[in-house]
Amino acid sequence: MKWKDRLGIRLVAYLVGLFIMTAGIAVSVKSNLGVSPVSSIPYTITCVFGMEMGNATILFHVVLVLLQILLLRKNIIDRC
């Protein structure tokens with residue numbers, strides 16, 4: 001299979017994983033267990049802008065993926 005054929009499956013797997021991770025982080029914050037270092041930026045977004053923790057986490061990680069695509073450009077096809 002070419003990478004374009006697997007793109008839909010990989011995108012669905014990414015979104016499901018992102019949802020599970022976001023739910024875990026939100027539960028951790030709401031139960032006062034603390035914030036991990038990777039969740040500190042979304043937590044700050046939550047405190048500053050009043051956005052929900054889950055939405056801030058998803059937004060932050062999507063921005064990271066888009067930034068990676070921008071930096072890699074043509075090399076991203078080789079990495080898939």
Side-chain angles (χ1 to χ4, degrees):
M1 275 183 148
K2 291 186 176 187
W3 71 271
K4 287 183 180 180
D5 297 334
R6 297 186 316 240
L7 187 61
I9 295 169
R10 292 175 68 179
L11 185 60
V12 168
Y14 174 76
L15 292 175
V16 168
L18 189 62
F19 175 76
I20 292 170
M21 180 186 66
T22 300
I25 292 169
V27 167
S28 176
V29 169
K30 290 294 182 185
S31 62
N32 290 325
L33 291 175
V35 178
S36 67
V38 75
S39 303
S40 61
I41 294 175
Y43 184 70
T44 304
I45 293 170
T46 298
C47 293
V48 172
F49 296 111
M51 185 183 279
E52 291 181 1
M53 183 65 181
N55 292 338
T57 302
I58 289 174
L59 177 68
F60 177 67
H61 286 283
V62 167
V63 167
L64 287 179
V65 169
L66 293 175
L67 183 63
Q68 183 178 6
I69 290 171
L70 265 174
L71 291 174
L72 292 177
R73 295 197 186 179
K74 293 184 180 182
N75 291 333
I76 197 150
I77 294 172
D78 296 335
R79 295 181 188 269
C80 294

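Values reported hereafter were calculated over all heavy atoms of this structure, with side chains retained and with hydrogens, waters and symmetry mates removed. A quick note: this is a predicted structure, and the numbers were derived from the prediction, not measured.
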* To do: Just jot down the side-chain hydrogen bond (donor to acceptor under 3.5 Å, both in side chains) partners of S36, sequence neighbours excluded, or say none.
  =>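 Listed in chain order: S39.
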* To do: Inspect the surroundings of OH in Y43 and state if more than 12 heavy atoms from other residues, nucleotides or ligands are less than 6.0 Å away.
  =>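 No, because the 6.0 Å sphere around OH of Y43 holds 12 heavy atoms or fewer from other groups.
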* Please answer: with hydrophobic residues joined when any side-chain heavy atoms are less than 4.5 Å apart, are M53 and L59 in the same cluster? =>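 In one cluster with M53: L59, no.
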* Asked: Is there a path from V48 to I45 through hydrophobic residues (I, L, V, M, F, W, Y) whose side chains come within less than 4.5 Å of each other?
  ->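 Yes.
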* **Distance, nearest 0.5 Å, that separates CD1 of I58 from CD of E52** =>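 Output value for this atom pair is 10.0 Å.
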* Spacing of CD1 belonging to I41 relative to OG1 belonging to T57, to within rounding of 0.5 Å ->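 Taking CD1 in I41 and OG1 in T57, the distance rounds to 11.0 Å.
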Of all the heavy-atom pairs spanning [X] and [Y], show the shortest one and how long it is.
X	Y	result
G34	S28	O-OG, 3.2 Å
V38	F60	O-CE2, 4.1 Å
T46	M51	CG2-O, 3.1 Å

Anything under 3.5 Å between a donor and an acceptor, one on a side chain of residues 13-26, the other on a protein residue two or more places apart or in another chain? List them.
| unit_1 | atom_1 | unit_2 | atom_2 | d |
| --- | --- | --- | --- | --- |
| T22 | OG1 | L18 | O | 2.7 |

